[in-house]
Amino acid sequence: NNATPTTDEAMACAPYLFEQIAAVRPDVIVTLGLVASRTLLRTEATMTSMRGRWTVFVHPDEVRFPDVRIDLMPTFHPAFLLRQYTPENRAKVWSDLQEVMTKLGLKN
């Protein structure tokens, strides 16, 4: 019913996601929303305190995957933007995405 995943639901799926990240090894990760950000960063921080700031995803199994350290940019979930569709919120997400494009060399 399009409900926000609970912490238990997110953690039940997390091992599969961590394995996929290790297999793909993306250049960067952009998390969309609080659940994704908290799951990958293993934190209880607020979205406001995380968004717009580069951090690093570290694979929780550092023995098997010691080199899986990927720059991660948290930003707001699209559903939040639909509910809070203000110029200020759109500017924040656009700024986050511009940071990602710069890091990837897609923007000068």
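Throughout, numbering of the chain's residues begins at 1 and tracks the sequence.
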task = State plainly whether the residues E19 and R64 are in salt-bridge range, i.e. N to O under 4.0 Å.
result = yes

task = Could you tell me which non-hydrogen atom of D96 sits nearest to which non-hydrogen atom of G52, and how far apart they are?
result = OD1-CA, 3.1 Å

ask   = Would you find a donor on one side and an acceptor on the other, under 3.5 Å apart, between the side chain of T39 and the backbone of A36?
value = no

message = Would R90 and Y85 count as a cation-pi pair here, with the cationic atom under 6.0 angstrom from the ring centre and within 45° of the axis?
response = yes

ask   = Is F65 reachable from L72 through a run of I, L, V, M, F, W or Y residues, each pair having side-chain heavy atoms under 4.5 Å apart?
value = yes

query = Is there side-chain contact between P74 and R53, with heavy atoms separated by less than 4.5 Å?
reply = no

Side-chain (S37) to main-chain (G33) donor-acceptor, under 3.5 angstrom = yes

message = Which heavy atom of P26 sits nearest to which heavy atom of I70, and what is that distance?
response = O-CG2, 3.5 Å

query = Between atom OG1 of T6 and atom CE of M11, what is the distance when rounded to the nearest 0.5 Å?
reply = 11.0 Å

ask   = Side chains of L40 and L17: closer than 4.5 Å at any heavy-atom pair?
value = yes

message = Return the CE to NZ distance between M47 and K92, rounded to the nearest 0.5 Å.
response = 10.5 Å

ask   = What do the steps show when you test F57 against R69 for side chain to side chain contact (heavy atoms under 4.5 Å, CB included), and what is the final call?
value = CA-CA 5 Å; F57 166 78; R69 303 178 72 80; over 6 Å; no

message = Looking at R25 and D67, is any side-chain nitrogen of the basic one under 4.0 Å from a carboxylate oxygen of the acidic one?
response = yes

task = List the steps, then state whether side chain to side chain contact (heavy atoms under 4.5 Å, CB included) holds for L34 with M50.
result = CA-CA 9 Å; L34 189 60; M50 290 186 285; 3.7 Å; yes

key: Point-to-point distance, once rounded to the nearest 0.5 Å, from CE of M73 to CD1 of I29   = 12.5 Å

query = Is the closest side-chain heavy-atom distance between K103 and W54 below 4.5 Å?
reply = yes

ask   = For V58, does its backbone N or O pair with a side-chain atom of R42 as donor and acceptor, under 3.5 Å?
value = yes

ask   = Please walk me through it: do L32 and F76 pass side chain to side chain contact (heavy atoms under 4.5 Å, CB included)?
value = CA-CA 5 Å; L32 301 177; F76 292 129; over 6 Å; no

Interatomic distance, T31 atom OG1 to L41 atom CG [nearest 0.5 angstrom] = 6.0 Å

ask   = Same cluster or not: are F80 and L82 linked, directly or through other Ile, Leu, Val, Met, Phe, Trp or Tyr residues, by side-chain heavy atoms under 4.5 angstrom apart?
value = no

request  = Taking the side chain as every heavy atom from C-beta outward, state whether V28 and L104 have any pair of such atoms under 4.5 Å apart.
outcome  = yes

